[in-house]
Amino acid sequence: MRKNARRSSPASQGVKLVRIPLGSTETVYWLEERLAEARRGELIGIAAICMYSHSDYGISIRGEIRKSPVYTRGLLPELDHELGRILRSK
C-alpha cells in the first residue's frame, strides 16, 4: 500500500457492518448451522419461539413442519422437558 494512499472503508464498498449484541452470539451460530442444513436440504421445516431484546416475542412455523401440526404438537412435551431440565440445572 502506498504511504499516502487512502484505504476505503467497508461501508464505502457496500458492506454493512452489523454489531452482534452480547449474548446473541450463540443464537447467531445456531441459526447459521440451521441455515446450512436447510440449504443442503436436510432441514425441511422449523417451528421457533423468538425472544427479542426489547421483551417482545415471536412465533414462526415454516416449511414441512407447518404441514404436520399433529407431529409438531407431539414434540411440544420434548421442548417442555428440555426447558424443565435447564431450570433444574440452575
Side-chain angles (χ1 to χ4, degrees):
M1 185 172 182
R2 291 189 338 228
K3 194 174 190 179
N4 293 327
R6 291 189 59 182
R7 296 176 117 179
S8 59
S9 70
S12 69
Q13 297 173 5
V15 176
K16 182 178 179 183
L17 299 177
V18 178
R19 177 180 289 260
I20 298 174
L22 184 64
S24 67
T25 305
E26 177 186 26
T27 303
V28 171
Y29 180 77
W30 184 89
L31 287 169
E32 287 173 343
E33 287 181 326
R34 301 299 77 78
L35 181 58
E37 291 170 351
R39 286 186 169 146
R40 289 191 304 268
E42 298 167 1
L43 177 65
I44 59 171
I46 193 164
I49 302 167
C50 304
M51 181 186 299
Y52 294 93
S53 60
H54 52 278
S55 299
D56 201 3
Y57 72 93
I59 296 171
S60 184
I61 302 167
R62 297 289 181 257
E64 291 298 312
I65 208 162
R66 187 176 196 66
K67 297 176 185 175
S68 305
V70 173
Y71 175 77
T72 304
R73 289 187 80 185
L75 293 174
L76 290 177
E78 292 294 322
L79 176 62
D80 186 53
H81 176 75
E82 183 63 18
L83 291 170
R85 187 188 66 73
I86 292 167
L87 282 172
R88 286 187 298 278
S89 70
K90 290 186 175 196

Partner residues of Ile46 under the side-chain contact (heavy atoms from CB on, under 4.5 Å) criterion, sequence neighbours left out: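 With neighbours one apart ignored, the set is Trp30, Arg62.
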Under 6.0 Å from the [atom1] atom of [X], do we count more than 12 heavy atoms belonging to anything else shown?
X	atom1	value
Arg39	CZ	no
Ile49	CD1	no
Arg66	CZ	no
Ile61	CD1	no

Rounded distance [0.5 Å steps], OG1 in Thr27 versus CD in Glu32: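 Here the interatomic distance stands at 11.0 Å.
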Euclidean distance, Ile86 CD1 relative to His81 NE2, rounded to 0.5 Å: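 Going from NE2 on His81 over to CD1 on Ile86, the span is 10.5 Å.
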Closest non-hydrogen atom pair, Ile65 against Ala47: CG2-N, 4.0 Å
